[in-house]
Each structure stands twice: as structure tokens, then as C-alpha cells.
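Throughout, numbering of the chain's residues begins at 1 and tracks the sequence. Note that these values count all heavy atoms, side chains included, but never hydrogens, waters or copies made by symmetry. Because the structure is a prediction, the values reported are computed rather than measured.
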Amino acid sequence: MNREAQIIKASVISIVGNAMLAAVKGVVGTLTGSIAITLDAINSLTDALGSVIAIIGTKLAGMEANREHPFGYGRIEYLSSIVIAALILSAGLSACIESIRSIINPSPSQYTAVTLSIVAGAAIVKFGLGYYLKRMGKTLESGSLIGSGIDSLMDGCVSTATFLAGILFITTGVSIESWLAAGISLLIIKSGISLLLETASKLLGERADPKIVARVEREARKVEEVRLASNVMLLDFGPNRLGGAIHVTVDGQMTVAEFNRVARAVQKRVFNACGVKLAGVTPYPDADADDDEEAREVRAAVARIVWGHDRVVELRGLYIDPQNRIAHFDAIAEYGAGDLMELHDQIVATCNEECPGWEFDARVMPDVGD
């Protein structure tokens with residue numbers, strides 16, 4: 001079963017389960033006069049609607065790429081997660097308003113052993129559904145399923161709290177219904193905000209998962225001619241839809257035709273092993289190509305100067321061309337390093353002072369890829 005079918009299956013299970021729970025909780029809430037149970041029923045309906053949106057989003061995300069959207073529609077899944085977050089927030093705010101009204105104008109609840117048993121059963125079902133959805137969401141890398149799973153687990157906690165509140169009312173006559181409802185509403189709001197922030201972060205563009213980066217580099221190095229792989233930059237076009245670029249260090253004497261073959265081999269291997277489409281494979285010439293004494297001195301000077309800046313986190317692609325007296329290198333600056341052009345000018349100026357007669361082809365770039 002493919003990813004889309006698995007997400008739809010899990011979402012259908014969530015819809016059926018939440019719809020049944022909403023119906024049962026609605027009846028129990030009406031019979032007992034419990035605002036907490038009634039709000040919990042509304043929340044279950046919201047969960048079911050969220051799963052419907054997850055299905056729609058998954059189906060739309062699976063549409064083929066076209067001229068208008070050459071990278072496909074995978075990010076629609078993130079948009080559907082935002083809609084789900086908005087629904088959760090709306091339900092939470094409505095619940096908060098109703099609970100405040102109930103605190104101001106309280107009404108007595110009527111619990112029985114039967115209704116409490118139903119609430120306890122609902123809690124068990126919610127916990128089971130939550131663990132299932134969260135596990136499937138992580139396996140399938142679906143933010144919608146993960147959000148639904150977390151929400152269901154929270155609902156299980158809420159139902160447990162409602163059950164305990166009912167026991168307290170039966171045994172002591174003390175009612176904490178309205179306050180419990182207020183707590184439920186705050187938990188719902190918190191859940192919605194967390195899902196919204198998490199999804200917005202993905203849309204803005206997060207740093208690539210170091211584990212995926214390490215896999216890409218490892219697979220690239222398996223190509224015989226590749227001596228080092230670094231500077232992996234990945235772009236997220238939706239769950240399981242990663243593209244990007246990589247730098248590989250190869251023999252400095254390699255021809256364009258030879259490197260073209262190597263680049264294609266790297267792209268094929270990385271895609272087959274990691275599912276990542278590398279749009280660019282950029283070569284760094286190997287440092288072993290220079291055997292000139294002066295070149296080695298320049299190499300050492302450049303390395304010392306670049307690493308001497310506390311704002312630099314890495315030196316990449318240092319290649320010395322003795323024939324043309326040019327040193328090529330990339331300096332990777334940490335975040336918060338300030339003006340990168342200023343840092344570039346400082347590095348080049350110091351290199352010119354220590355190595356007169358040499359040209360320095362330097363690039364100072366932010367640390368956007370591992």
C-alpha cells in the first residue's frame with residue numbers, strides 16, 4: 001500500500017472513530033448536563049472534520065506536476081495542516097467562551113455509573129486512536145496525522161479528567177465542571193497553536209534533517225570518483241519530496257565529460273537510496289593536485305586566516321592553482337555573523353597581505369546546508 005493510501009486509511013479510521021465518540025459524548029453530555037463532556041464531543045467532531053481535510057489535502061498533494069507548478073503539489077499537505085490547526089483553534093476559543101459563561105452562571109451536572117463508564121470507555125478509545133494516528137503520522141511523515149494523533153491523545157487525557165471530575169462530584173458533591181471545561185479549552189487552543197507553528201515553520205523552510213543529509217553524503221561518496229561530499233542543500237516540496245544540490249570533491253584534472261558522468265552517477269545513486277532529487281552536483285577540485293612548495297604555503301596561510309575568524313564555521317573547496325597563482329575557497333559563516341560582504345573583504349585583505357602576488361577567489365556563504 002502506497003503512502004497516500006495509508007494516510008487515507010488512517011484518516012478514515014479517525015473519522016469513523018471520532019464520529020462515533022462525538023455521538024456518544026453528545027448524548028452523555030446532554031443527559032448529564034456536563035459542559036465538559038459536551039465540549040469534548042464537539043472536539044471529537046472537529047477531529048473528524050480534520051481527518052476529512054487531511055484526506056482532501058493528501059489527494060490534492062498527489063496531483064502530477066505541471067507547467068504552472070513544476071515541483072508538484074506536495075506542499076498542499078502543509079496547507080491542509082494549517083486549516084486543521086485553524087479548526088482546532090476555533091473549537092478551542094468557542095469552548096473557552098462557553099466555559100467562562102458556565103463559570104459565571106453554573107448549572108448542576110447529573111452523573112451516573114453508566115455515564116461515567118461511557119466516559120471511561122471513550123478515554124480508552126481516544127488513547128488507542130491517538131497512539132495509532134501519531135505512529136502512522138511519524139512513519140508516513142504526515143503532519144496532518146501527527147496533529148490528529150496528538151489531539152486524540154489530548155482528548156484521552158481530557159476524558160480521563162472528566163471521569164475523575166464525575167467521581168469527585170458523586171462522592172463529595174463538589175463540581176469542577178466549568179473549570180475543567182476551561183482547562184479543556186486551553187489545551188485545545190494550545191494544540192492548535194502548536195500545529196500551526198510547526199506547519200508554518202515547514203512552509204518557511206527548515207534546516208534539513210541531519211540524518212537525511214548524512215545519508216545523502218554517504219551515498220554520494222560511494223561513487224568511485226567522489227573523494228568527499230559536502231555542502232548538501234535540501235529544499236522541501238512536501239512530505240517525502242526533497243530536492244537540492246551537493247558539492248563533491250573530485251580529481252582536479254577531471255574533464256567536463258568525465259565529471260558529467262560522475263554527477264549523473266551521484267544523482268542516480270542518491271535518488272535511489274534516499275529519494276532526494278539533486279538538481280545540482282557542483283565539483284570541488286581535489287587539493288592533492290598541487291605539489292608546489294609556495295602553493296602549500298599559500299594553502300596553509302589561507303586555512304589559518306579563514307579559521308582565525310570566530311564567525312567562520314567551515315572552510316570548503318580550498319584549491320590552489322599555482323600556474324595562475326589563484327586560490328579558490330569557500331568560507332561558511334555562522335548565523336548572526338553580520339555583513340558577509342564585510343567578512344569577505346576582511347578575509348581577502350588579510351590573504352593579500354600575507355601572500356602578495358596571489359589572487360583569492362573567495363566566497364563567504366551562510367551556513368544553510370550541512
- Item | Separation of Arg299 CZ from Leu318 CG (nearest 0.5 Å) | 4.5 Å

- Item | ILVMFWY network linking Val223 to Val281, side-chain heavy atoms under 4.5 angstrom | yes

- Message: Measuring only between side-chain heavy atoms, which start at C-beta, is Pro366 closer than 4.5 Å to Leu340?
- Response: yes

- Rounded to the nearest 0.5 Å, how far apart are CG of Leu140 and NZ of Lys9? 11.0 Å

- Query: Does Arg221 offer a backbone N or O that forms a donor-acceptor pair with the side chain of Arg227 under 3.5 Å?
  - Reply: no

- Contacts of type side chain to side chain donor-acceptor pair (under 3.5 Å), residue Asp339, not counting sequence neighbours: none

- Message: With a 3.5 Å distance limit and no angle check, can you tell me whether Ser11 reaches the backbone of Ile7 through a side-chain donor-acceptor pair?
- Response: yes

- Query: Any side-chain heavy-atom pair from Ile76 and Tyr78 closer than 4.5 angstrom?
  - Reply: no

- Query: Side chains of Met254 and Pro283: closer than 4.5 Å at any heavy-atom pair?
  - Reply: no

- Query: Do Leu60 and Ile8 share a hydrophobic cluster (ILVMFWY, side-chain heavy atoms under 4.5 Å, transitive)?
  - Reply: yes

- With a 4.5 Å heavy-atom cut-off, do Ile347 and Leu343 have their side chains touching? yes

- Message: Same cluster or not: Val125 versus Leu145, using hydrophobic residues (I, L, V, M, F, W, Y) connected whenever any side-chain heavy atoms lie under 4.5 Å apart?
- Response: no

- Task: Can you run down the ring pair (Phe, Tyr, Trp, His ring centres under 6.0 Å) pairs that involve residues 49-72, sequence neighbours left out, and say none if there aren't any?
- Result: His69-Tyr73, Phe71-Phe237

- Message: Please determine whether salt bridge (Lys or Arg N to Asp or Glu O under 4.0 Å) holds for the pair Glu219 and Lys222, giving the CA-CA distance in whole Å, both sets of side-chain angles, and the decisive distance to 0.1 Å.
- Response: CA-CA 5 Å; Glu219 292 301 322; Lys222 288 181 180 179; 3.1 Å; yes

- Message: Determine whether a donor-acceptor pair (N or O, by modelled atom type, separation under 3.5 Å) exists between the side chain of Glu359 and the backbone of Ile326.
- Response: no

- Message: Determine whether a donor-acceptor pair (N or O, by modelled atom type, separation under 3.5 Å) exists between the side chain of His344 and the backbone of Ala362.
- Response: yes

- Message: Once rounded to the nearest 0.5 Å, what's the spacing between atom SG of Cys96 and atom CG of Leu89?
- Response: 12.0 Å

- Task: Decide yes or no on side-chain contact (heavy atoms from CB on, under 4.5 Å) for Lys126 and Leu21, but give the supporting numbers first.
- Result: CA-CA 9 Å; Lys126 269 294 188 179; Leu21 286 173; 3.8 Å; yes

- Query: If we only count heavy atoms from C-beta on, is the Asp251 to Asp286 side-chain gap below 4.5 Å?
  - Reply: no

- May I have the step-by-step check of side-chain contact (heavy atoms from CB on, under 4.5 Å) for Asn352 and Trp358, ending in yes or no? CA-CA 7 Å; Asn352 284 328; Trp358 282 77; over 6 Å; no

- Item | Pairwise side-chain contact, Glu217 with Val232, heavy-atom cut-off 4.5 Å (strictly under) | yes

- Message: Rounded to the nearest 0.5 Å, what separates atom CG in Leu278 from atom CD in Gln267?
- Response: 6.0 Å

- Message: Using a 3.5 Å distance criterion without hydrogens, assess whether the side chain of Arg316 forms a donor-acceptor pair with backbone atoms of Ala331.
- Response: no

For residues 48-59, tabulate all N or O donor-acceptor pairs below 3.5 Å that involve a side-chain atom, not counting sequence neighbours.
unit_1 : atom_1 : unit_2 : atom_2 : d
Ser51  : OG     : Ser14  : OG     : 2.7
Ser51  : OG     : Asp47  : O      : 3.3
Thr58  : OG1    : Ala54  : O      : 2.8
Lys59  : NZ     : Glu4   : OE2    : 3.1

- ILVMFWY network linking Phe360 to Leu315, side-chain heavy atoms under 4.5 angstrom: yes

- Atom pair CG (Asn18) and CD1 (Ile13), whose distance is rounded to the nearest 0.5 Å: 11.5 Å

With a 3.5 Å cut-off and sequence neighbours excluded, list the donor-acceptor pairs that the side chains of residues 302-313 form with protein atoms.
unit_1 : atom_1 : unit_2 : atom_2 : d
Arg304 : NH2    : Glu354 : OE1    : 2.4
Arg311 : NH1    : Ala337 : O      : 2.5
Arg311 : NH2    : Gln346 : OE1    : 3.3

- Message: On a heavy-atom basis, which atom in Leu133 and which in Gly149 lie closest, and how many Å separate them?
- Response: CB-CA, 3.6 Å

- Query: Do Val266 and Val226 have side-chain heavy atoms sitting under 4.5 Å apart?
  - Reply: yes

- Treating Ile, Leu, Val, Met, Phe, Trp and Tyr as nodes and any side-chain heavy-atom pair under 4.5 angstrom as an edge, say whether Phe271 and Met233 lie in one connected cluster. no

- How long is the span from the CD1 atom in Ile97 to the CG atom in Leu93, to the nearest 0.5 Å? 6.5 Å

- Message: Walk me through whether Tyr319 and Asp361 qualify under side-chain contact (heavy atoms from CB on, under 4.5 Å).
- Response: CA-CA 10 Å; Tyr319 177 72; Asp361 176 23; over 6 Å; no

- Tell me, yes or no, whether the heavy-atom count around Arg325 atom CZ, taken from other residues, nucleotides or ligands under 6.0 Å, exceeds 12. yes

- Query: Quick one: does Thr199's side chain have a donor or acceptor within less than 3.5 Å of a partner on Leu196's backbone?
  - Reply: no

- Item | salt_bridge(Arg296, Glu293) N-O dist < 4.0 Å | yes

- Query: Counting only heavy atoms not in Met20, do more than 12 fall under 6.0 Å of its CE?
  - Reply: no

- Message: With no hydrogens and no angle check, just 3.5 Å: does a side-chain donor-acceptor pair link Asn231 and Tyr284?
- Response: no

- Message: I want to check something: taking the side chain as every heavy atom from C-beta on, are Asp236 and Leu203 in contact at a cut-off of under 4.5 Å?
- Response: no

- Message: Any side-chain to backbone donor/acceptor pair from Asn272 onto Lys268? Under 3.5 Å, distance only.
- Response: yes

- salt bridge (charged side-chain N to carboxylate O under 4.0 Å, His left out) against Lys277, all qualifying residues, sequence neighbours excluded: none

- Query: With sequence neighbours excluded, what pairs up with Glu198 under the side chain to side chain donor-acceptor pair (under 3.5 Å) test?
  - Reply: none

- Task: Kindly say whether Gly74 contributes a backbone atom to a donor-acceptor pair with the side chain of Glu77 at under 3.5 angstrom?
- Result: no

- Correct closest heavy-atom pair for Ala220 and Val270 would be N-CG2, 4.2 Å

- Message: Please determine whether side-chain contact (heavy atoms from CB on, under 4.5 Å) holds for the pair Leu235 and Leu242, giving the CA-CA distance in whole Å, both sets of side-chain angles, and the decisive distance to 0.1 Å.
- Response: CA-CA 6 Å; Leu235 297 175; Leu242 292 175; over 6 Å; no

